[in-house]
Structures are given as structure tokens and as C-alpha cells.
Number of protein chains: 2
Amino acid sequence: MIVMDETLNNTADEIGDPDAAVDLGLLTNLLGYALRRAQVAVFADFHRRFAAEDIRPAQFSVLQVLRHNPGLRQAKVSAALGVKRTNFVPLFDVLETRGLAERRKVPGDRRASALFLTSAGEALLDRLDATIAGHEGRFVARVGGQEAKAQLLGLLRRLIEPDADDT
Amino acid sequence: MIVMDETLNNTADEIGDPDAAVDLGLLTNLLGYALRRAQVAVFADFHRRFAAEDIRPAQFSVLQVLRHNPGLRQAKVSAALGVKRTNFVPLFDVLETRGLAERRKVPGDRRASALFLTSAGEALLDRLDATIAGHEGRFVARVGGQEAKAQLLGLLRRLIEPDADDT
DNA sequence: TATTGTTATACTCTATAACTATA
DNA sequence: TATAGTTATAGAGTATAACAATA
């Protein structure tokens, strides 16, 4: 880069080629950028498929955790999902109001709440699990099969790791 | 699963093992979940490193595109980055107010705006490019080197693809 | 009629501070 | 003093509808 003036050299790509592909520069090889675009694409499909049940990704993740860890403390659920405990309150309130999950008092500690799915929540989750299969299948196909998916998951997990200062 | 009552069988994992790792169930093998956690981890590092310059990922991406496509129409920049044109307005306003980029009227079309970096924007971007190198290097190391990164980028790009109904 | 940029607006997500009741 | 849950609040990010100017 020897050109010094900010405008005299290159006025507008538009003139040369109206439909030229946009050059993303550094972004093309940035992991963060690719991650963001991929996550948005996958979540867009999630939203389409779960719009009928009115379930968002965060709500789905809470239901999943409760199914596999019934009675887990609220603070542990939020920490496991990377949601601040303060933001977890309204998130769970919605599930509770909808009758999908509930808080129960813990015998040993009168401050704590143990979280459970209701039977309605279990039933809904059974349906959601079927829906998620179609969703996941779509992207497994895109990456090139189960083996490619396993490879991708392995690489993604290496990115997540420590970070210490989590919620 | 033969147990029918939603509460009699499993009261709380807490009792058996207070610090037991939380079982994420299906989430463990969901691409969307891993993508989300990885993206959050990478963006958290981005925020830490760019906090001093007060630059967010979206702002950085706009500056990059302008450097590589000076004079590009506003609508094309926003579309290239997947930002709705309506949300792009305040995003670019900030950059313009800070003197990093600017709108210029296009001769041929009096409705349109061509976007450019200012010299201050160019200068800032030079510094940002140095910062991003450290950021990217951290995650390249985490995934296991340049080869692993290339592999990961390839897999992520397969996830992005069509989607047709983009901004 | 369609496109470019804009305003207004609303909803979700995320972040911080501070409170309560317990421990 | 520390922890569990909560409230209030503010800031981003993202979504839709509608408008003016221009094509």
C-alpha cells in the first residue's frame, strides 16, 4: 500500500462492475466472522422450525438440561448454559408461566430453587426432539455427513474451552 | 423411559453429588449449540481487545468492507454483511460521527450514497489489523494451527451457503 | 412500480447494580 | 461475609411498517 490519498485512486467499484461480488477483505479468513455467519444461518433454521411451538434456542436448552438433570439448582442450570443468573429469572419465568417447568423449594436450603420439567414440559420436549432431528440433519448434510460433523464439533469445542470468567 | 410420574423417581442430582457436571443432553451433539458457544467465546476475546478503541465486531466489519470496496453503495455494504439496511443506518451514523467513514453523493443516482473510509478511518484500521492478528492467532492456536483453521473455515462455509431469504 | 435511504418502534439478549432472605 | 434468587434498568442487536425522494 503506497497510495496515500484516501480518494483519488479508487472512486467506486460500481462503475467498473455493478454486480461485482463484495470483497470482505480480512473477514474472509476470520474465524469469528465465519462463526457468526454460520451460527446465524443455523439459528435461522431453528427459528423457522420452532416458530409453531414458540420455542427459542435458549428455552430449548433449558428444557433439555432439566430433562437430564431434574431438580438441579437454578444457579447451576444458568451457569451450565452460560446465562447470567439475573437473566435466567425471566427466561425461566416464561417456561413456568407456560406450565412447561417449575421451581420447587429445596429442603436443605431455603434460599434455593430446584428446577423440574412438568409433564406438559416432558411431552413438549418429546415433540421438540423430533423437530430438532430434522433441523440437525439438514446441517449434517450440508457439512458432509456424520464424520464431518464430528470433526466440526471437535474443532468448535477447542475454541470454547477455558475463559475462566464465565457467568 | 418407563417411569411415569414426573417427580417420584429423581429428586435432585445435588444430593448424590453436589459438584456433578451438568448433563447437557442433546445439546452436547448439536451443531447450533457448539456454534453458539464458540462464537460467544471468540467474540468475548474480540470485545476485550477492542474495548480500548471502542470498536465492535459489526463496526470492524464495515470498516474492512469499505477499505476493500471504496465507494460501494450503502445498500450493498449492508447486504454483504447481512445487516438489514434499516439497521445499517445508525450503525454507519456512529462511524461517520466519529470521523472514521463518510457518505458521499453518487453522480448517477441522487438517491444513493457511496461509502468511504476517511483518512482517520484508514489509520484506525491499520491499528485494528494489528490487533486482530493477535486475536486470530489465539484461536488458531486453540484449534491446532493453520491447517486446522483452514479445515474449520471450510466446514463453517458449508453451513452458511444459500438461505435465499437474506437481508 | 421499484429502489435507496430513512424514521419510528418493538422485542430479544445481554450487562450492571443493588436488594432480600437466607446460610 | 457469602450465596441464591430477584428486581430494575440500560445497552446492543434485530425485526417490521411506513415514509420521502428518486429511478
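Each chain gets a letter, A, B and so on, in the order its sequence line appears, and its residues count up from 1.
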Identify all side-chain donor-acceptor contacts of residues 21-35 of chain B below 3.5 Å with residues at least two apart in sequence or on another chain.
residue	atom	partner	partner atom	Å
B:Asp23	OD1	B:Gly25	N	2.8
B:Thr28	OG1	B:Gly25	O	3.0
B:Tyr33	OH	B:Arg37	NH1	2.8

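- Residues meeting the side-chain hydrogen bond (donor to acceptor under 3.5 Å, both in side chains) test with B:Asp93, sequence neighbours left out: B:Arg103.
- Each of A:Arg36 and A:Asp93 lies near DNA chain D, and the nucleotide nearest A:Asp93 is the one positioned closer to the 5' end.
- To the nearest angstrom, C1' of D:dA12 lies 11 Å from CG of B:Leu91.
- For B:Ala112, the side-chain atoms get nearest to C:dT4 when compared with the rest of C:dT4, D:dA4, C:dT6.
- Closest to the side chain of A:Ser113, from the set C:dC13, D:dG5, D:dT14, is D:dG5.
- Following rounding to the nearest Å, B:Phe46 (CZ) and D:dA12 (P) show an atom-to-atom distance of 15 Å.
- Not counting sequence neighbours, the partners of B:Phe46 by the ring pair (Phe, Tyr, Trp, His ring centres under 6.0 Å) test are B:Phe50, B:Phe60, B:His135.
- When the nucleotides C:dT7, D:dT16, C:dA15 are ranked by their closest atom to the side chain of A:Lys84, C:dA15 comes out on top.
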Contact letters for nucleotides 18-23 of chain C, in which S counts primed atoms plus P, OP1 and OP2 and B counts the base, heavy atoms under 4.0 Å: ---BBS

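- Regarding B:Arg104, its CZ atom lies at a distance of 19 Å from the C1' atom of C:dT4, rounded to whole Å.
- Comparing the helix axis at one end of the helix from C:dT1-D:dA23 to C:dA23-D:dT1 with that at the other, each defined from 5 consecutive pairs, gives an inter-axis angle of 10° (nearest 10°).
- The CG-C1' distance, from A:Leu81 to C:dT14, rounds to 15 Å in whole Å.
- Listed by chain and residue number, B:Leu91 satisfy the side-chain contact (heavy atoms from CB on, under 4.5 Å) test with B:Ala58 (two or more places apart in sequence, or in another chain).
- Between B:Arg56 atom CZ and D:dA12 atom P there is a gap of 5 Å when expressed in whole angstrom units.
- A:Leu156 places a side-chain heavy atom less than 4.5 Å from the side chain of A:Leu152.
- The separation between A:Phe92 atom CZ and C:dC13 atom C1' is 19 Å, rounded to whole Å.
- C:dC13 atom C1' lies 13 Å from atom NE2 of B:His47, rounded to whole Å.
- Using a 3.5 Å distance cut-off with no hydrogens or angles, the side chains of A:Asp129 and A:Gln64 do pair a donor with an acceptor.
- Residues in residues 86-111 of chain A take part in these ring pair (Phe, Tyr, Trp, His ring centres under 6.0 Å) pairs, two or more places apart or across chains: A:Phe88-A:Phe92.
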For residues 105-117 of chain A, which side-chain N or O atoms pair as donor and acceptor with protein atoms under 3.5 Å away, sequence neighbours left out?
residue	atom	partner	partner atom	Å
A:Lys105	NZ	A:Ala112	O	3.3
A:Asp109	OD1	A:Arg111	N	2.9
A:Asp109	OD1	A:Arg111	NE	3.2
A:Asp109	OD2	A:Arg111	NH2	3.0

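- Every residue two or more places apart in sequence or in another chain that forms a side-chain hydrogen bond (donor to acceptor under 3.5 Å, both in side chains) with B:Glu136 is listed here: B:Lys149.
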